[in-house]
Structures are given as structure tokens and as C-alpha cells.
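Read the numbers this way: they start at 1 and go in the same order the structure lists the ligands and their atoms.
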Amino acid sequence: MEVLSITGGQHLFGTVRVTGAKNSVLKLMAAALLAQGTTTLTEVPDILDVEIMAELLRRLGCEVDHDGPARRVSITVPEILAHRADYDLVRRMRASICVLGPLLARCGAADVALPGGDNIGSRGLDMHIAGLRKLGAEVTNEHGYLIASTQQRLTGGSIWLDFPSVGATETILMAAVTANGVTVIENAAREPEIVDICQMLINMGASIDGAGTSTLTIEGVEQLEPVAHCTVSDRIVAGTWAVAATMTQGDVTVLNANPAHLESALDKLVSAGAQLSRVDGGFRVVMDNRPLAVDVVTLPYPGFPTDLQPQFIALNAIASGAALVTENLFEARFRFVQELARLGADVRTDGHHALVRGRAHLSGAPVEATDIRAGAGLVLAGLVADGTTTIYGVSHLDRGYADFVPALNGLGARIERIEAESLFT
Ligand code: EPU
């Protein structure tokens, strides 16, 4: 087992480049299933989740060539696909559920293992299911699998989402692009990753209106064609670097990043005292003081992203003052504060709220990452803690942050990946 060992106290300086978004590329890979032939995706992050999705697509009958260092994936989709996503892969990556819509559209059937809850919450699928039923599919839950089927081509319909769910919007969108007639999704998610998949589907020949707004209108077409598509850059990774620069009182330029996708978070960093400027292809964050505490409320885009909430709790843990952090998306996302407390952070949680009282110092300790973003929050805390912080559960970070350790070292951090056993020898 490997762990990360961080010696805190370094200011981060330099330039870092962000690749494509995990939360986009996995859906783009699933969308490739909609067209027979070879789809190529670029700016693909070299992370574990891409490899898991590649394996899932291979089992469905695709040829997948994943070139990690070149940041490219080519997916060759056969005329006839298998339509079952097994539990052994779905349990490793919840996002596997995103093959449900495309498989149903392409094969008229999809058997996808139920992913269940995870370390950040219960993760319902009711809106995915209700949406597919509105398009004419039969959906049942049998022996731990969602079994979706349709005797004929899906039919367009009007769907109102109770909540602008990213996953449900994507499932319905991918099922609707080749349905018979017009589908309207009201209260649709507006995330940049939704705009990215709409853009790819439009290039494949789909007719979609309203990407990036709350109303998506999709006119079904007979067939889609494979394309080459460049993945939108990862706003959460870019935001993580921005918080790292602020917490370590550094000066970091983040390239291949779109600050317009991060406005709510970057605005908070300015309130915390950071100086932010746009540069060609990205932005720069300069900080020369201890940050001020900032309140945060997570909301669907364009609100403050839940995927940056743990990083901002880490920031508030060393800030001057106290902050109230409200989590509205994932009820268990505060679990990680118990780990942060091992570094000396003063955080009290009550339901959706966390009260963080900033401390002048954190002190290094062994901690466990329980999900990707909790892991990022702990790394950031370790960067400013006195002494050594050892982070267990590194595989979570591998799921979302490509080349994190070399990039951090390149900015002047002191972090290494070591075998846990060597800690005791
Ligand atoms: N929800 C339901 N029923 C549904 C769908 C969602 O109750 O049918 C609930 C969920 O349980 C959750 C909330 O609605 O409480 C938000 O879920 P949403 O569907 O918007 O999120 P998701 O598609 O499951 C994606 C990202 C998450 C990110 C959220 C919100 C991927 C693979 N995951 O999840 O990313 O936090 O959108 O932006 O795209 C991460 O990267 O660490 C991560 C968790």
C-alpha cells in the first residue's frame, strides 16, 4: 500500500497545467457508444477512472486505446454492443451509470449494476429512472441491477427534474438524442461538463438547443456519427490549485483553465485576500498573507461547487476568523473533517453546516482520504501543517488528480509517494 508523505511549510510558486475534466471525459466516453466507428477524445486526464471506464467499454465490445501520456483515448464502437455493465466495475466507479442512457438508445436494452451509496452520500437514481420512463422505457430493479428496455425506438417527452442533477441530465440527454420526436428537459443541470457533452453530441449530429441553460430541447435524429473531441478543462482541479496557492501564500499560474467556469470559487479566494489575474489560457493567484475565513454554500452550477468544499474547509481551518460552510448536495461530505481534526483543525458540524474556526497552525499527522475531494482537502492541509502529514487512501486521489505529486513538487512542495511499510522500517 502506498501513502503520501508531505512535509509542510513550503510556499507554492510556479506554473501548472490542468488537463481535461474527469467528470466530463467519463461521460464523453459513454457518449461514444452512440455512434458506430471510432471516436477520439483528447485532453484526457491520465487517471484511474478513465482506465475503469475503458475496461467497461471493452466489455461492451468496444476497442479502446488509452494513451495516458498523450492524453488521448480512441474508442471503436462495433455495430452490435453487449448491454450489461457488471457490478465489479460499477462498484469501483459510480460514474459507470452513465452508460445507461447510451446503451438503451443504441441496443434498446441496458442492464447496469446499481452503484449504491458511497463515502459522500446516498446518491439516488430516481430522476434517471423517471426520465427514461418518460421516454417510453421500462425500468425495473432486479437482483441489484437496473434493467431498462424498450420494444421500439424511445419517444421524446417533457421531463421536469426535481433538482438539476448532473447525472440525470446526462442520462436523459444521451437517451433522447436518437429518440423519436422532441424531448424537453426542464430544470436541467448547467455545468460546463454538460455543455461539453452537448457540444460533442451536436458535432456527432444531434440536435440540442439550450446547452448551459435550465431548458434543454433535443430533437431526436436517426443516427449519430463518431467524432474527434477535446475535453473541457477540469475546473475542480484548477480550483484546487488556486486554493493551494492561497493557503500556502504562494504565486501559482494555472494554465489550460477557464476562470469563467470557477467564478464563485475564485470570488471567495479574493474575499480571502488572494490577488487574482487572468493570463493567456488561464489565471494567476498570488497571496502574501494568512487567508481570511470565508463562508461557503454549495449549490448546483453556477453556484459554489461541492467538489471544492473540502478544499475550502482546509483553507478556513488555517484562516484568520471563523466561517460557516453549508453543504447542500452530498450529506456525508463532512465526514472528512474528523480526519482534518487529526491535524488540529477546529471544525464542528451539524447537519448541512460546518463551523470552522481558523487556527494559526495545524500539526502534521497520519490521516485517511475517504474520497477524491476529501483527499485533496487533506493534501492542502498537509502542505501548511507543521512537520509531516501521511495520507492513506491514495487511490482516491488517483481517481481524480493526474500527476498530482510531480506537479506539487514542481511548485516547490515537499511530497513523496512511498510504500506504507517503509514508514515502519
Ligand atoms: N440525486 C437524486 N436522485 C437522482 C440523481 C441525483 O437524489 O436521480 C441527488 C444525489 O444523491 C445528490 C444530488 O442529487 O445528492 C446531486 O447529484 P448529481 O446527479 O447532480 O451528481 P452526480 O451526477 O452523481 C456529479 C459528479 C460529482 C459532483 C456532482 C455535482 C460525476 C462522475 N460526478 O455527480 O463529482 O459532485 O455531479 O456537481 O460527474 C467528484 O468529482 O468528486 C464528484 C463527486
Evaluate the salt bridge (charged side-chain N to carboxylate O under 4.0 Å, His left out) criterion for residues R417 and D398: first the C-alpha distance (whole Å), next the side-chain angles of each, then the deciding distance (0.1 Å), finally the verdict. CA-CA 12 Å; R417 194 175 173 119; D398 293 341; 2.8 Å; yes
Looking only at distance, does R333 have an N or O less than 3.5 Å from an N or O of ligand 1? yes
Between W241 and Y401, is the ring centroid distance below 6.0 Å? no
Quick one: which ligand 1 atoms are inside 4.0 Å of a heavy atom on I120? 44 (C)
Please check if the distance between the ring centroids of Y145 and Y87 is under 6.0 Å. no
Is the shortest side-chain N to carboxylate O distance from R333 to D307 below 4.0 Å? yes
Would you please determine whether E193 falls within less than 4.0 Å of ligand 1 on a heavy-atom basis? no
Is there a protein heavy atom less than 4.0 Å away from atom 31 (C) of ligand 1? yes
For ligand 1, is any non-hydrogen atom under 4.0 Å from L26's backbone (N, CA, C, O), its side chain (CB onward), both, or neither? neither
Report yes or no: does L125 have a heavy atom closer than 4.0 Å to ligand 1? yes
Would you call E193-R235 a salt bridge at under 4.0 Å N-O? yes
What protein heavy atom lies closest to atom 15 (O) of ligand 1? Include the residue and the distance to one decimal. L329 O, 2.6 Å
By number and element, which atoms of ligand 1 are closer than 4.0 Å to a non-hydrogen atom of R94? 24 (O)
Check whether any heavy atom of K27 sits under 4.0 Å from an atom of ligand 1. yes
Using distance alone, determine whether G124 and ligand 1 share an N or O pair under 3.5 Å. yes
Verify, without hydrogens or angle tests, whether E225 (side chain) and V227 (backbone) share a donor-acceptor contact under 3.5 angstrom. no
Mind checking whether K22 has a heavy atom under 4.0 Å from ligand 1? yes
Identity and distance of the protein heavy atom lying nearest atom 21 (O) of ligand 1: F330 CZ, 4.1 Å
Provide, to 0.1 Å, the distance between atom 43 (C) of ligand 1 and the closest protein heavy atom, together with that atom's residue and name. D307 OD1, 3.3 Å
Which of the ligand 1 atoms, numbered from 1, are nearer than 4.0 Å to a heavy atom of A95: 32 (C)
Whether N328 side chain and T298 backbone form a donor-acceptor pair below 3.5 Å: yes
Starting from atom 41 (O) of ligand 1, find the nearest protein heavy-atom neighbour and note its residue, name and distance. R373 NH2, 2.8 Å
Does the N or O separation between G167 and ligand 1 drop below 3.5 Å for any pair? yes
Tell me the protein heavy atom at minimum distance from atom 8 (O) of ligand 1, and give that distance in Å. M127 N, 2.7 Å
among protein heavy atoms, the one nearest atom 13 (C) of ligand 1 is F163 CE2, 3.9 Å
Which protein heavy atom lies closest to atom 7 (O) of ligand 1, and at what distance to 0.1 Å? D126 OD1, 3.6 Å
Taking 4.0 Å as the limit for heavy-atom contacts, which would you say applies to V166 with ligand 1: side chain only, backbone only, both, or neither? both
Please determine whether a side-chain nitrogen of the Lys or Arg among R373 and E327 lies less than 4.0 Å from a carboxylate oxygen of the Asp or Glu. no
Neighbour count >12 (heavy atoms, 6.0 Å) for atom CZ, R58: yes
Using 4.0 Å as the upper bound for N to carboxylate O, is an ion pair formed by R92 and D86? no
Crowded around E63 CD? As in, over 12 foreign heavy atoms under 6.0 Å? no
For atom 24 (O) of ligand 1, find the nearest protein heavy atom and state the residue, atom name and distance (0.1 Å precision). R123 NH2, 3.0 Å
T306 N/O under 3.5 Å from ligand 1 N/O: no
Salt bridge check: are R399 and E51 linked by an N-O gap of less than 4.0 Å? no
Check: V279 main-chain N/O paired with R284 side-chain donor or acceptor under 3.5 Å: no
